[in-house]
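Note sheet for the following structure.
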Amino acid sequence: MRKAPSGLSPVIALDRASGKPLHKQLYEGFCTAILARSLRPGQRVPSSRALALELRVSRIPVLNAYAQLLAEGYFEARSGSGTFVSRSLPDQGVSLECGDNTPPVVRSRPRQVSRRSALLRLYKPAPWANKWGAFIVGQLAFEHFPFPVWSSLLNRHVRNVRVNSLHYGDPMGSESFRATIAGYLRTARAVKCNASQIMIVSGSQQALDLCARVLLDSGDRLWIEEPGYWLARHAFVMAGCRLVPVPVDEEGLNVAEGIARSQKARAAFVTPSHQFPLGVTMSASRRLQLLDWAHRSGAWIIEDDYDNEYRYESMPIASLQGLDRNSRVIYIGTFSKTLFPSLRLGYIVIPPDLVDRFRAVRHAMDVYPPHLYQAVLDDFIGEGHFVRHIRKTRVLYSERRNILVDAIRKEFGASVEILGAEAGVHLVMTLPGGRRDRSISRQAAREDLWLWPLSSCYLEKPRQGFILGFGSSAPSEIPKAMTNLRTVIESAHPRSEE
Ligand SMILES: Cc1ncc(COP(=O)(O)O)c(C=O)c1O
């Protein structure tokens with residue numbers, strides 16, 4: 001039989017001093033030659049023995065490299081004939097350096113992405129929010145979190161892993177945790193629910209995304225509070241909804257105005273217990289009007305009850321869901337404000353007839369919520385630590401809030417309004433005298449003040465002011481930070497450009 005002629009060897013520079021194994025260098029050398037088309041599809045490659053001789057290496061690294069190239073489809077073996085560059089590789093194609101980790105340069109434009117994703121501005125931290133500072137929103141008194149208890153519960157579950165907790169589970173979440181949450185909501189929030197209606201999610205944001213996917217179609221109109229929560233806006237914009245800003249006044253969302261602007265809207269997003277950001281509690285008459293509108297027009301109400309555990313002058317407000325006689329309200333809650341946001345745990349209370357829809361959509365999204373923190377939090381609540389933590393932090397935040405309110409009054413007197421100080425871990429301070437909140441926020445960031453401009457919460461005519469968080473501000477630092485804020489505001493020119 002005629003012996004098959006040996007193939008040509010590509011130039012492969014082996015570096016014996018480098019830490020990279022020889023078989024890896026050989027593999028990358030062939031890949032690069034193939035992708036750069038210095039070796040063509042169908043071309044014969046040298047036998048492993050010939051190449052080993054030529055490169056003066058043992059045959060083992062060559063055999064290993066060939067095995068890898070065969071497994072990945074760069075080479076093909078033809079019995080009796082030898083080894084070839086795979087004929088199924090395209091003859092023309094991208095030219096890449098194999099093993100080179102730098103991303104390829106994008107030459108072709110435009111590169112098409114979904115219209116949906118292009119509806120959102122690119123994510124980057126706001127210029128006033130790129131470092132930690134006084135009045136930061138969304139941060140809490142973590143130094144008072146019972147970490148020893150949390151760690152011991154975490155250890156308990158890490159050490160005693162039950163096999164069934166490793167399997168896929170119900171898209172709604174752990175049965176035991178859902179029962180615990182249902183019990184808590186019935187008692188603390190007058191939510192009408194049982195465990196079968198509770199779905200565990202990774203915070204309010206996933207809940208909003210799910211609501212949009214289940215309840216709304218692209219092009220549907222949705223009432224959104226004006227001013228309102230920007231991340232809720234993002235979730236609904238992503239779903240292709242048309243946002244209808246509905247003004248909030250001292251009674252909460254102005255339902256009559258919503259009806260005037262879009263009676264046929266498919267849904268309304270509201271924060272009735274503590275409106276974000278203004279802090280208004282929706283009055284009973286507005287609640288009944290909203291429920292009545294939803295019932296008559298077949299619309300959904302998405303109730304975001306994000307920080308109602310913290311009320312300083314009255315008992316926590318009962319939920320809107322608890323007043324609903326027609327199962328029109330989808331109720332959302334989170335542990336981001338009571339425990340810590342990186343926990344990424346929240347829940348939805350779903351009307352009974354929609355549970356199967358939500359379950360199916362959730363299954364298609366991320367299958368099932370991770371088990372570990374559900375189990376830990378279930379014990380944390382069940383053993384009374386959650387309620388103890390809320391009781392303790394309520395006193396703490398109440399003190400911080402009082403100090404903040406006093407500091408604002410001391411520095412600004414009656415020239416500013418304080419809104420929404422009755423609950424939660426932030427309040428709003430309006431800005432006097434035609435000054436622009438965004439430019440002041442940027443300037444304040446240089447003084448280690450973290451000020452969220454109120455105007456960023458508006459879609460229409462913005463009011464100027466700041467959302468001031470007091471959850472993580474040490475009481476002793478609040479008065480000094482407020483004096484700094486006054487200096488920054490006074491040095492800002494009225495109507496300075498943004
Ligand atoms: C109105 C509102 N809803 C919900 C949340 C919490 O969101 P998540 O549960 O996604 O952390 C926040 C946090 O700032 C909020 O302001």
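Counting from 1, the numbers follow the sequence of the chain as shown. Start at 1 and go down the list; that is how both ligands and their atoms are numbered.
Side chain to side chain, Gln321 and Asp305 fail the donor-acceptor criterion of an N or O pair below 3.5 Å.
The shortest N or O to N or O distance between Gln205 and ligand 1 is under 3.5 Å. Some N or O of Thr334 is nearer than 3.5 Å to an N or O of ligand 1, by distance alone.
The number of heavy atoms from other shown groups lying within 6.0 Å of CZ (Arg409) is above 12.
The side-chain hydrogen bond (donor to acceptor under 3.5 Å, both in side chains) analysis of residues 148-157, with sequence neighbours excluded, yields the pairs Arg156-Asp379, Arg156-Glu383, His157-Asp379. Each ring-ring contact (aromatic ring centres under 6.0 Å, His included) pair with one or both residues in residues 172-219, not counting sequence neighbours, appears once here: Tyr184-Phe386.
If you look at Ser336 next to ligand 1, the close heavy atoms, those under 4.0 Å, all belong to the side chain.
For ligand 1, the atoms closer than 4.0 angstrom to any heavy atom of Gly203 are 9 (O), 10 (O).
Scanning all protein heavy atoms for the shortest distance to atom 6 (C) of ligand 1 gives Ser204 OG, 3.7 Å. Scanning the protein heavy atoms around atom 5 (C) of ligand 1, the nearest turns out to be Tyr229 OH, 3.5 Å. The nearest protein atom to atom 10 (O) of ligand 1, hydrogens excluded, is given as Arg344 NH2, 2.9 Å; this is a heavy-atom distance.
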Derivation of the side-chain contact (heavy atoms from CB on, under 4.5 Å) call for Asp209 and Met365: CA-CA 10 Å; Asp209 186 24; Met365 283 170 70; 3.4 Å; yes
From CA spacing to verdict: side-chain contact (heavy atoms from CB on, under 4.5 Å), Gln443, Ser491: CA-CA 10 Å; Gln443 220 174 309; Ser491 67; 3.4 Å; yes
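Heavy atoms of Lys337 come nearer than 4.0 angstrom to ligand 1 in at least one pair.
For atom 2 (C) of ligand 1, the nearest non-hydrogen atom from the set Ile467, Asp305, Asp304, Val425 belongs to Asp304.
Close placement of the Tyr347 and Phe335 rings is indicated, their centers lying within 6.0 Å of each other.
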